[in-house]
Amino acid sequence: MKNLRDELNQVIKSENISGISFVRLNEWQWILNKIANTFLVHGEKDLERIWLWESFKEPYTSFQPENSISELRSLLKTTEKYFFIVHMKGMKMETLLQ
């Protein structure tokens, strides 16, 4: 049975995405807290919310493109670092990709 990490690796390979690394399980909470304290109105306290974007300090927009990988490639600068945060509640799978 495939798990989320297997599925992510499959997409990374099939879409020829480079520069992604998985963060160790003992490091993800520290990174998530740092992100929360930087970008969320009430810092780590906002991590209790279901929808984090409701607590962003800065304005944001969201949409669901037909081809999300292509859309990300057109929007993101390749010279910048980004975090892709995945959390599967109840399955003990918290993953940060950098």
Handout entry: Any side-chain heavy-atom pair of D6 and Q10 under 4.5 Å
Key = no

Fill in the blank from the handout: The residue among N67, T78, I17 that forms side chain to side chain contact (heavy atoms under 4.5 Å, CB included) with R73 is I17

Problem - OG-CG distance between S70 and L75, expressed to the nearest 0.5 angstrom - result: 11.0 Å

For residues 38-49, dump all side-chain donor-acceptor pairs below 3.5 Å to protein atoms at least two apart in sequence or in another chain.
from : atom 1 : to  : atom 2 : distance (Å)
T38  : OG1    : K34 : O      : 2.8
E44  : OE2    : N37 : ND2    : 2.9
D46  : OD2    : V41 : N      : 3.4
D46  : OD2    : H42 : N      : 2.7
R49  : NE     : S55 : OG     : 2.6

Practice task
Verify the neighbour count for atom CD of Q64: are there more than 12 heavy atoms of other residues, nucleotides or ligands below 6.0 Å?
Solution key: no

Exercise for the section: Could you verify whether a donor N or O on one side chain and an acceptor N or O on the other, from Q29 and N33, lie under 3.5 Å apart? Expected result: yes

Problem - Spatial distance of atom CZ (F22) from atom CG (N9) [nearest 0.5 Å] - result: 4.0 Å

